[in-house]
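Written below as structure tokens is the structure these notes are about.
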Amino acid sequence: QVQLVESGGGSVQAGGSLRLSCAASGYIYSRNWLGWFRQAPGKEREGVAAIYTGGGSTLYADSVNGRFTISQDNANNRVYLQMNSLKPEDTAMYYCAAGRHRNSAFFSQLALQNSEYDYWGQGTQVTVSS
């Protein structure tokens, strides 16, 4: 059974930090694209960060580059999103997703696009107050 389970969301003041965790089923974790996406009320879902678990390549949206870090834990089939220097505009529901690609080809071009992902978690809410 395919499972992606997020945790770690919450409320924090601007400038604070949160770490999101995504637990993935083994076969969708290994050598795959795992991504974090977010959707704010009234806005489209956008890619935030992605990692290719087969080699560790990462990709970030410009809006979070330098503030967020995506990482992998192969022993526990988890992907993390460390979010620092949070801003009110980071407020959104955050989703973990697993792609259909089993290699790094086109990762840097496509890994933040919703259409490249087949499996989605239920989401975890992040709220940043000013």
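For the numbers below, each heavy atom of this structure counts, side chains included, while hydrogens, waters and symmetry mates do not.
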Is it true that a side-chain atom of [X] and a backbone atom of [Y] form a donor plus acceptor pair closer than 3.5 Å?
| X | Y | result |
| --- | --- | --- |
| Ser85 | Gly15 | no |
| Thr91 | Pro88 | yes |
| Thr127 | Ser11 | no |

Hey, does [Y] have a side-chain heavy atom less than 4.5 Å from the side chain of [X]?
| X | Y | result |
| --- | --- | --- |
| Leu81 | Thr69 | no |
| Phe68 | Val48 | yes |
| Met83 | Leu20 | yes |
| Ile28 | Leu4 | yes |

- Which pairs, with at least one residue in residues 47-61 and sequence neighbours excluded, count as a side chain to side chain donor-acceptor pair (under 3.5 Å)?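 Qualifying pairs, neighbours excluded: none.
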
Rounded distance (nearest 0.5 Å) linking atom [atom1] of [X] with atom [atom2] of [Y]:
| X | Y | atom1 | atom2 | answer |
| --- | --- | --- | --- | --- |
| Thr124 | Leu18 | OG1 | CG | 9.0 Å |
| Ser17 | Leu86 | OG | CG | 6.0 Å |
| Gln13 | Ser129 | CD | OG | 5.0 Å |
| Lys43 | Glu89 | NZ | CD | 8.0 Å |

- Query: Taking all non-hydrogen atoms of both residues, which atom of Ile70 and which atom of Leu34 are closest, and how far apart?
  - Reply: CD1-O, 3.9 Å

- Kindly give the heavy-atom pair with the smallest separation between Gly99 and Asn32, and that separation in Å. O-ND2, 2.9 Å

- Item | Same cluster (ILVMFWY, side-chain, under 4.5 Å), Met93 and Val79 |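 Unlinked, Met93 and Val79 end up in two clusters.
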
- Message: Membership question, hydrophobic clusters at under 4.5 Å side-chain separation (ILVMFWY): are Leu112 and Ile51 in the same one?
- Response: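 Each belongs to a different hydrophobic cluster.
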
- Item | Selection residues 96-119 - residue pairs positive for ring-ring contact (aromatic ring centres under 6.0 Å, His included), sequence neighbours left out |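 Pairs touching residues 96-119 that pass the test: Trp33-His101, Trp33-Phe107, Phe37-Tyr117.
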
- For Asp73, what residues pass the salt bridge (Lys or Arg N to Asp or Glu O under 4.0 Å) criterion, not counting sequence neighbours?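 Partners of Asp73 by the salt bridge (Lys or Arg N to Asp or Glu O under 4.0 Å) criterion come out as none, since no residue qualifies.
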
- Of all pairs that satisfy disulfide (SG to SG under 2.5 Å), the ones with a partner from residues 57-130, not counting sequence neighbours: Cys22-Cys96

- Query: Restricting to pairs with a member in residues 99-130, which pass disulfide (SG to SG under 2.5 Å), not counting sequence neighbours?
  - Reply: none

- Query: Applying salt bridge (charged side-chain N to carboxylate O under 4.0 Å, His left out), which residue pairs with at least one partner in residues 1-29 are found, sequence neighbours left out?
  - Reply: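 Applying salt bridge (charged side-chain N to carboxylate O under 4.0 Å, His left out) to every pair that reaches into residues 1-29, excluding sequence neighbours, yields nothing.
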
- Message: Filter on salt bridge (charged side-chain N to carboxylate O under 4.0 Å, His left out), then keep only pairs touching residues 118-130, sequence neighbours left out; what's left?
- Response: Arg100-Asp118

So, using side-chain hydrogen bond (donor to acceptor under 3.5 Å, both in side chains) as the criterion, who are the partners of [X] when residues are at least two apart?
| X | value |
| --- | --- |
| Asp90 | Arg38, Arg67 |
| Asp62 | none |
| Gln109 | none |
| Ser21 | Arg78 |

- Can Tyr29 and Asn74 be said to form a side chain to side chain donor-acceptor pair (under 3.5 Å), step by step? CA-CA 8 Å; Tyr29 175 90; Asn74 293 338; 2.5 Å; yes

- Atom CZ of Arg102 with >12 non-hydrogen neighbours under 6.0 angstrom: yes

- Is the CD atom of Glu44 crowded by more than 12 outside heavy atoms at less than 6.0 Å? no

- Item | Set of residues satisfying ring-ring contact (aromatic ring centres under 6.0 Å, His included) with respect to Tyr95, sequence neighbours excluded | none

- Audit row: Asn114, Glu116, side chain to side chain donor-acceptor pair (under 3.5 Å) steps and yes/no: CA-CA 5 Å; Asn114 291 273; Glu116 302 301 316; over 6 Å; no

